Trainee: 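Pasting a structure below so you can have a look.
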Amino acid sequence: MTTVKTPADEAEARAIQDELRGLVVLDEVGPPPGQGLIAGVDVAYDDERDLVAAAAVVLDAATLEVVAESTAAGSVSFPYVPGLLAFRELPTVLAALEDLPVTPDLVVCDGYGLAHPRGFGLACHLGVVTGLPSMGVAKNPFTFTCEEPGAARGEASPLLAPDGAVVGRALRTQHGIKPVYVSVGHRVSLDNACAHALALSPRFRIPETTRRADSLCRRALREAVDALQ
DNA sequence: GCGACAG
DNA sequence: ATCTTGTCGC
């Protein structure tokens, strides 16, 4: 069983990231786009009632049909701190992932991987603790910058750290629609990660994996709240 | 010191 | 993330 240690404070959380960062594998290209099983994970919160619900949804990459789903609920283990999102999201996400009846070839996270203040975002953390290839698709540029990609679907531009390093890619998944921000997590190349993100977004800006996981974890949260009464 | 800041 | 109805548009 894979778990994420809940740090006592932010300093300990950063120390854990600095330690695990060395375990990220960046020299594999990962599974080819358009085939295999792709999992999407997401989390919903009710901080008021100290409730968290996570969902994992596995799609057939060739058809984007749902192959498997699972959810998990728990209590909030860590506050939202930019740069430390993994400690808030992963405990419940891992529980959901482990409940899946299949092992995905790639996990798509809602957030960043290598594009992170210490080079160890949510997607890297998930990849390292599960051993699975992983990548991140975020909805805004966080602290990074990029040129506006061309308007056509599939156009992209490098996502840059303050020091000029390329940490990901702004990717237009729909013509004329605000891009998403793709970064590598573990055991997948940036080119492949972007190809996956594009293949998973035939109709909407956000990949189907994330959309499915998002609606499922919201449903799971509502059910967890209802179960309280 | 102040502001910015994935979800 | 979350608070939140109707509404504009493909």
Side-chain angles (χ1 to χ4, degrees), chain A residues 4 6-7 10 13-14 16-17 21 24 40-56 71-94 96-97 107-128 134-146 153 159-163 165 167-171 173-186 190 193 197 201-207 209-222 224-225:
Chain A
V4 167
T6 296
E10 296 183 19
R14 287 190 290 270
I16 291 171
Q17 291 181 329
R21 179 176 46 194
V24 175
V41 294
D42 196 18
V43 185
Y45 299 93
D46 187 330
D47 287 285
E48 198 85 337
R49 307 181 183 205
D50 190 39
L51 278 176
V52 181
T71 63
S75 53
V76 178
S77 56
F78 205 79
Y80 171 65
V81 179
L84 301 180
L85 183 61
F87 298 100
R88 179 168 169 82
E89 305 231 319
L90 285 194
T92 322
V93 163
L94 294 178
L97 271 180
V107 181
V108 179
C109 297
D110 193 11
Y112 279 114
L114 221 54
H116 176 273
R118 284 168 297 284
F120 194 72
L122 177 63
C124 295
H125 206 140
L126 184 147
V128 163
S134 63
M135 55 177 272
V137 178
K139 297 184 282 296
N140 64 60
F142 196 14
T143 60
F144 305 102
T145 58
C146 63
R153 170 178 146 83
L159 188 64
L160 306 173
D163 66 2
V167 293
R169 210 171 278 169
L171 175 68
T173 54
Q174 293 297 317
H175 187 110
I177 303 294
K178 175 180 154 78
V180 296
Y181 304 89
V182 177
S183 62
V184 158
H186 184 59
L190 183 56
S201 313
R203 165 99 184 148
F204 300 105
R205 177 169 91 110
I206 303 300
T209 36
T210 300
R211 288 169 42 81
R212 293 304 239 284
D214 180 75
S215 64
L216 182 56
C217 71
R218 289 187 198 226
R219 197 187 320 158
L221 181 64
R222 293 190 56 172
V225 170

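Keep in mind it's a predicted model, so treat the numbers as computed, not measured. A note on names: the letters A, B, ... follow the listed sequences, proteins ahead of strands, and every chain is numbered from 1.
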Trainee: So do Leu114(A) and Cys124(A) actually touch side chain to side chain, heavy atoms under 4.5 Å?
Mentor: yes
Trainee: Starting at CG of Asp46(A) and ending at C1' of dT2(C), how long is that distance when rounded to a whole Å?
Mentor: 10 Å
Trainee: How would you label the contact of Ala115(A) with the nucleic acid (heavy atoms, under 4.0 Å): base, sugar-phosphate, or nothing?
Mentor: nothing
Trainee: Other residues, nucleotides and ligands only: do more than 12 of their heavy atoms fall within 6.0 Å of CZ on Arg222(A)?
Mentor: no
Trainee: State the dot-bracket string of DNA chain C. Criteria: Watson-Crick or G-U wobble, both atom distances under 3.5 angstrom; notation: ( ) intrastrand, [ ] crossing earlier pairs, | interstrand, . unpaired.
Mentor: ..........
Trainee: Please state whether the rings of His125(A) and Phe87(A) are parallel, tilted or perpendicular, taking 30° and 60° as the class boundaries.
Mentor: perpendicular
Trainee: Between dA6(B) and Lys139(A), is there an OP1 or OP2 to side-chain N/O distance shorter than 4.0 Å?
Mentor: no
Trainee: Taking only heavy atoms on the protein side, list every residue of residues 74-83 of chain A lying under 4.0 Å from any atom of DNA chain B, sorted numerically.
Mentor: Tyr80(A), Pro82(A), Gly83(A)
Trainee: I'd like to check Phe78(A) versus Pro91(A) (side-chain heavy atoms, cut-off strictly below 4.5 Å). Are they in contact?
Mentor: no
Trainee: Would Asp110(A) and Lys139(A) pass as an ion pair if we require N to O under 4.0 Å?
Mentor: yes
Trainee: In whole angstroms, how far is the C1' atom of dG7(B) from the CG atom of Asp47(A)?
Mentor: 11 Å
Trainee: In whole angstroms, how far is the P atom of dG7(B) from the CZ atom of Phe144(A)?
Mentor: 12 Å
Trainee: Please state how far atom CD in Glu10(A) lies from atom P in dC5(B), giving the value in whole angstrom units.
Mentor: 17 Å
Trainee: At under 4.0 Å between heavy atoms, what does Tyr45(A) touch on the DNA or RNA strands: base, sugar-phosphate, or nothing?
Mentor: sugar-phosphate
Trainee: Look only at the side chain of Thr92(A) and the backbone of Ala72(A), and say whether a donor-acceptor pair between them is shorter than 3.5 Å.
Mentor: no
Trainee: Find the distance Leu90(A):CG to dA6(B):P and express it as a whole number of Å.
Mentor: 17 Å
Trainee: Regarding Leu159(A), tell me which of base, sugar-phosphate or nothing describes its non-hydrogen contacts under 4.0 Å with the strands shown.
Mentor: nothing
Trainee: Can you figure out which of dG7(B), dC5(B), dA1(C) approaches the side chain of Leu85(A) most closely?
Mentor: dG7(B)
Trainee: Quick one: label Asp42(A) by what it contacts on the DNA or RNA (base, sugar-phosphate, nothing), any heavy atom closer than 4.0 Å.
Mentor: sugar-phosphate
Trainee: In the structure I gave you, are the side-chain heavy atoms of Leu97(A) and Leu126(A) within less than 4.5 Å of one another anywhere?
Mentor: yes
Trainee: Does some side-chain heavy atom of Val41(A) sit less than 4.5 Å from a side-chain heavy atom of Cys109(A)?
Mentor: yes
Trainee: Roughly how far, to the nearest 0.5 Å, is OG of Ser77(A) from CG of Asp50(A)?
Mentor: 9.0 Å
Trainee: May I ask you to test the Leu84(A)-Gln17(A) pair for a side-chain heavy-atom distance under 4.5 Å?
Mentor: yes
Trainee: With Watson-Crick and G-U wobble geometry limited to distances under 3.5 Å, how should the secondary structure of DNA chain B be encoded in dot-bracket form, using | for bases paired to another strand and [ ] for crossing pairs?
Mentor: .......
Trainee: Can you tell me how far P of dG7(B) sits from CD of Glu89(A), to the nearest Å?
Mentor: 9 Å
Trainee: In whole Å, I'd like the distance from the NE2 atom of His116(A) to the P atom of dA6(B).
Mentor: 11 Å
Trainee: DNA chain C: Arg203(A) or Arg218(A), which has the more 5' nearest nucleotide?
Mentor: Arg218(A)
Trainee: I want to check something: taking the side chain as every heavy atom from C-beta on, are Leu159(A) and Tyr112(A) in contact at a cut-off of under 4.5 Å?
Mentor: yes
Trainee: Just compare dA1(C), dA6(B), dC5(B) and give me whichever is closest to any side-chain atom of Asp110(A).
Mentor: dA1(C)
Trainee: Without decimals, in angstroms, what is the distance between Arg222(A) CZ and dT4(C) P?
Mentor: 14 Å
Trainee: Can you tell me which residue among Asn140(A), Thr173(A), Thr210(A) is in a side chain to side chain contact (heavy atoms under 4.5 Å, CB included) with Val180(A)?
Mentor: Thr173(A)
